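What follows is one structure encoded as C-alpha cells, with my remarks underneath.
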Amino acid sequence: MNGELTTLFPALTVITPITGAVVVFLLPARLRARAGLPAAGFTVAAAILLAWGVVTEGAVRHELGGWGAPLGIDLHADGLSSVFVLMTAAIGLLVSFYAKPFFALAGEKGGASELFWPLWLFLWASLNGLFLSSDLFNLYVTIEVMGLAAVALAVLSGRPPALVAGLRYLLAALGGSMAYLMGVALVYGEVSTLDLGLVSEAVEGSPAIRVAFGLMIAGLLVKTAVFPLHFWLPAAHSSAQAPVSAILSALVVKASFYLILRLWVDVFDVAVTVAAGQALGVLGSAAVIWGSYQALRQRRLKLMVAHSTVGQIGYMFLLFPLITIGYREAADAPWLAHAWTGGIYQALAHGFAKASMFLAVGVFVLAVGNDDRRSIGDLVARLPMTTFALALAGISLIGLPPSGGFVAKWMLLKATFSSGQWWWAPVILTGSFLTAGYVFMVLRQAFAPAGKPIELNPVPRTMEVTALLLGATAILIGLRAEEVLILLDVGAPFDEAVEAGEGGEP
Amino acid sequence: MNPLEHALDTLLCLLLLVLAWKALRAEHLYQSAIFFIAFGLGMALAWVRLAAPDVALAEAAIGAGLLGVLLLDSLRVFSRPPNGSGKARQNTDPGDAETATATTSRHPGARATRLLATAAAAGLAAVLVTAIVRIGDGGGLTEEAAGQLEGSGVEHPVTAVLLNFRGYDTWLEVGVLFLAMLGIYCAGGWVGLTGGREPDSPGPLLSWLIRGLTPLLILTAAYLLWLGKEAPGGAFQAGVLIGAAGILLRLAGYPLTAHLSPGMVKLGLTLGFGTFLVFGIAALIPGGAFLEYPEYWAGEIILLVETAAAISIGFTVFAFFAYLSSRDGSPSEEHNSKPSTTNSD
Amino acid sequence: MTAPVESYQIYAVTAGILFSMGLAGLFLCGHFFKKIIATKILGTAVFLLFISLAKRDFVEFADPVPHAMVITGIVVAVSAGAFALALARRIWNETGRSTFEDSQ
Amino acid sequence: MNAADALTVIFCLAGAVFFLAGTVGLLRFPDIFSRLHALTKADNLGLGLIVIGLIFQSDSLAAILKLLLIWILALAAGSNACYAIGRFALARSPQDAVREDDP
C-alpha cells in the first residue's frame, strides 16, 4: 500500500465526523437523522482504514499543516490509539442506529434534541482527535471540545435534574482541564516542546516536571471520575437520555483514561514512582468497592448503571500499580504485559457492556415509562431480546467466562499474583461479587412474574437489536482476543503483549 | 532590571491577587462581578508588561469585555425571583442572591471542610511556587518560529503560529465557540435567535452614541483584521469587535435578530469553522497535509480564513448575548409551540 | 537562589498563587455565579504562567507559541464560561436553585 | 531632561492628581450622584491631561491623532456611562438617589 496515503488516515478520522457535524447542522431538522447515520458510517470507515494502515505499516504520523513537531502539531496513531478509535467506532455506530428511532420518538416532545446529531458527531471527532493527538496543548483543546460537547449532550433533554447535573459536570470538567493545562504550562516552561515524543525524550525527574505530571494526572482523574472525584458522574450519566448515557459512560470517560495511560507509560515514565502507582491502585480499589456497593443500593436502574461505571472504572486503574513496580527495574517482567493488556481490555469490555446496558435500560424505560427496578417485572417474556442483552452485558461486567470482562479481570488477577502484589486480588474478587449482586438482582426482577399485567409502550425493533449486538460484542471480544491484541501490539511499550494475550485465552 | 519597574510589577501582582480574592469572597454577586471585571482589566495591564500585546487585546476584548457583559446580564437574572415552575423556596430579596455563605455555615462540619480546603490550597500554592521558581531557562520555540516565519505567509509571529503552524488548534477553537452556542441552545431548550424579548431603549443619549460608534467599531475590526498580518491583532480581536457592535446595537433597541432566518443563523455560526475546514481539506488534494497551505498563497488564504472566522466569531459572540439576554435562559417565555419538555426518560 | 529576581518570575509566582485561589474558590464558593468566576480565575492563572515564562525567552520578540496558545485558551475558556452561565441561569429560572447544596 | 520631557512630567502628574481626586471622591462622597460627578469629571480631565503629556513624547502626527481619538472616545463613553448609571439610579429609587448611606 502507498505509504503516503496511509499518513492521511489519522487526519481523516478527525475530519470525517467533524465535516459530518457541520453538514448535518446546516440541514433542516427533519433531515438530520437521515444524514447523521451516513456520517457515522463514513467515520467508521475512516477508523477501519486507520486500523488497517497501522496493522500493515506500523505506527502512522500525520504532520498537520506540513510543519511537523516541535513547531506544528502531529497526529500519531499506534496500536493503543487505534484500538480506542476502533472501539469508539464500533460503539458509536451501534449507538447511532439506536439514537435514530430514539430521538424520532423524543423529538415530538420538544427540547433541543434536534441538536443530537451535530453534537454527537462533534464529540466523536474530539474523541478520535484525543486518541490521535501527539501534542500536549492540542490535547487540552480536544479535551475541552469533548467536555463541552459531552455536557451539551447531557443536558439535551432540558429537564432541571439534567441541567443541574450538567452544570456540575461542566464545572468539574473545567477544573480538571485547567489543572491539566497548568501542568502543560510547567512542562513547556521546562522543556520548550509540546510534542509527546519530544517531551518524553527531554524530561527528567525535576521538581517542576513532577509537579506538572501530578497536576495533569489529577486533572484527568477528575474527568475520568475516579473515586473520590466521581461526585459528578452518577447524576450526569443517569439524567441524560439513553443514547447519551451510553456515549458518556462507554466512551467519554475512557478518553481521559487513555490519556492518563499515555502520559504515564509513554511520556513521563521518568517521573513515575512506585508510590504513585500504588496510590492510583488504592483509588481504583476504593472505586471498585464503593461504586459497586452503591450500584447495589440503587433503586433506579439508570442510577445503578451509572454507579456501576464508577466501580468498573476502578478496575482499569489497577493497571497502574502493576505496571509501575517492575517497569523501571525489570522491563521484561512477565506480568507487565498481562497487566497492560488486562487494563486496556477492561476499558474495551466495559465500553461495550456499559453501552449495551444503558441502551437496554433505555428500552425498559421507554416500554414501562419509568426506571424503577421494581417495575420491570416479567419483562423477560415481553422484551426477551433486551433482557438477554442486559444479561450478556452483566456477564461481562461481572467477569464470567468467556466474556471480554473475564479476559480483563483474569489477566489483572494473574498479574497481581505473579508480581507479588496479591493485595489487589481480593479487590477484584469482591468487586465481581458485588457486581454479580446487582446484575442478578435486576435479572431476578425481570424474570419475576408481574403482579398485575402492565401496558407496555411499543419499542422500535432497531433499539432492541443494537443493545443486543453491543452485549454480544462484549462477550465476543473475550473469544477473539488475538485479533485485538495484534493491533494493540503495534508500538506497545511491553513486548510480550501478543504472547500474553494467548495466555489469557480461556 | 530597574527597581522602579520591579516595584510596579510587584504592585500590579498584589493588586491582581487582591482583586481575585475580593471577587471570590465578596458578599454580593454584584461586587463579585465588578471585582472580576477589574481583575480582567488588571490582567490586560499584566499582559502588556509581559510583552504580550496580542493577549492583552484578546483579554480586554473577550475576557473582560464580552464575559463582563454576560456576567452583568446574568446578575439581572439572579437578582430577581425565578420565573419558572419554581416550586422551590424563592429568594425574593433582590441584590442578595448570594445565600451560599449562609447555607454553608449552617452545615455542621462545613467550617472544618472550609479550613481543610483552604489549607490544601495553601499547600498547593506552596508546591506550585517552589516548582515555578525552580524552572530553568527553557528557550522556548522562538527560534524555530522565527526560522519558519518566511514560509508562513504572514510577518507577525503570533499570527503565524495561530493561523499556520498551529492552525489545527485555532480551527478547533473556532469549533469550540460554535459548540458553546449549541450548548447554550441545549440549556435554553430551543434553537434559533428570533423571538424572545427585545431590550428596552436605553434613552436617547446612549442610542445616539451607539449609532455613532458602530461604524467606527466595524472599521476598527477591519483594521485589526488587516493588521494581524504584521502586528498584534487578528481574527479574534476583530471578531469580538464585530460582536460588540452587534451587542451595542441590540442594547440601543435595534431589532437585529428579528430579520434573521434560521438558515442565516446556522450560516453565521458555521461560516468560520467551515471555511477553515474547506481550505484544510483542499490542501489534501495536491497531496499535502490537512491545513497545509501552499507557501505562495498562504498569505491570501490566511486572510480569507481570518475574515470568515472574524465574521463567525462576531456573530457567535453576538448570539451568546442575544440569546441569553432576550429569554433569560428559559424557554417558557416564548415559543409555546415547543413547550418545556417533560421527557420521562 | 543567587540570581536576582527577574520580573517574569514575579508574575509566574503570582500565577501559582492565583491558581490555588481559583481552585479553592471552585470548591468553596456556593453560588453558581461565583463558581464560574472561580473557573475564570483558574484559567487566567494558567495563562499568566504561560505568558510569564514566554517573556523569559525574549529575544527579538517573546516566544509566540505560548501567546498563540493563550489566545486560544482565552477563547475556549470564555466559551465554556458562557455555556456555564446559560446553564446556571436556566436552573435558577426553572427551580430557584443557585447552589449545589441541596442536590442529591 | 529636555523641555518636552519636563512638560510630559508636569501634565501627567497633573492628570494623576485629577485621577486621585476622582477616586477619593468615589470613596468618600455620600450618594451615587455626587460620586458620579466626582468620578467622571475628574477622570475625563485627568485622562485629557495625560494625553496632552503623552503628545509631547509622540513622534508622528498619526500617533498624536490616535491619542486624541482615545481621549474623545473615553470622554464619550465616560459621560454616557455616567448618564446611564444616573438614569438607572433615578428610575430605581428616586429617594435613595438623594440620600444613601450604606456602600
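Chain A is the first sequence line, chain B the second, and so forth, proteins listed ahead of strands; every chain is numbered from 1. Any value given below was found using the heavy atoms of this structure, including those in side chains, with hydrogens, waters and symmetry copies removed. Remember, it's a predicted structure, so these values are computed and weren't measured experimentally.
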Step-by-step side chain to side chain contact (heavy atoms under 4.5 Å, CB included) determination, L49(C) to M182(A): CA-CA 8 Å; L49(C) 182 61; M182(A) 191 74 179; 3.7 Å; yes

Looking at every heavy atom in both [X] and [Y], which two are closest together, and how far apart are they?
{"X": "R90(C)", "Y": "G158(A)", "answer": "NH2-O, 3.2 Å"}
{"X": "M69(C)", "Y": "L194(A)", "answer": "SD-CD1, 3.5 Å"}
{"X": "A80(C)", "Y": "L174(A)", "answer": "CB-CD2, 3.6 Å"}
{"X": "V164(A)", "Y": "R97(C)", "answer": "CG1-NH2, 3.7 Å"}
{"X": "L53(C)", "Y": "A185(A)", "answer": "CD1-O, 3.8 Å"}
{"X": "P160(A)", "Y": "T95(C)", "answer": "CB-CG2, 3.5 Å"}

Any chance you could lay out the side chain to side chain contact (heavy atoms under 4.5 Å, CB included) test for V46(C) and V184(A), step after step, and finish with the verdict? CA-CA 9 Å; V46(C) 180; V184(A) 176; over 6 Å; no

Can you confirm whether V76(C) sits close enough to V145(A) that some side-chain heavy atom of one is under 4.5 Å from a side-chain heavy atom of the other?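 No; the side chains remain at least 4.5 Å from each other.
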
Kindly indicate whether the side chain of L167(A), heavy atoms from C-beta on, has any atom under 4.5 Å from the side chain of F100(C).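 Yes, close enough: below the 4.5 Å cut-off.
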
Measuring heavy-atom distances to chain C, does [X] have an atom under 4.5 Å in its side chain, in its backbone, in both, or in neither?
{"X": "A172(A)", "answer": "neither"}
{"X": "L303(A)", "answer": "neither"}
{"X": "L148(A)", "answer": "both"}

T72(C): side-chain hydrogen bond (donor to acceptor under 3.5 Å, both in side chains) partners, not counting sequence neighbours: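 With sequence neighbours excluded, T72(C) shows a side-chain hydrogen bond (donor to acceptor under 3.5 Å, both in side chains) to E173(B), given in chain and number order.
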
side-chain hydrogen bond (donor to acceptor under 3.5 Å, both in side chains) against T224(A), all qualifying residues, sequence neighbours excluded: S256(A)

Step-by-step side chain to side chain contact (heavy atoms under 4.5 Å, CB included) determination, L171(A) to I36(C): CA-CA 8 Å; L171(A) 290 175; I36(C) 292 168; 4.3 Å; yes

Option in A84(C), A77(C), A15(C) with maximal non-hydrogen atom pairs under 4.5 Å from chain A: A84(C)

So what's closer than 4.5 Å to chain A heavy atoms on F19(C): side chain, backbone, both or neither?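 Contact with chain A: side chain only.
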
Looking only at heavy atoms and a cut-off of under 4.5 Å, which of G147(A), S177(A), A152(A), A165(A) has the most pairs with chain C? A152(A)

Should the pair Y188(A) and F50(C) be assigned to parallel (<30°), tilted (30 to 60°) or perpendicular (>60°) ring geometry? tilted

To the nearest 0.5 Å, how far apart are CE in M178(A) and CG in L23(C)? 11.5 Å

For the OH atom on Y293(A), are there more than 12 heavy atoms of other groups (residues, nucleotides or ligands in this structure) within a distance under 6.0 Å?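 Not more than 12 within 6.0 Å, no.
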
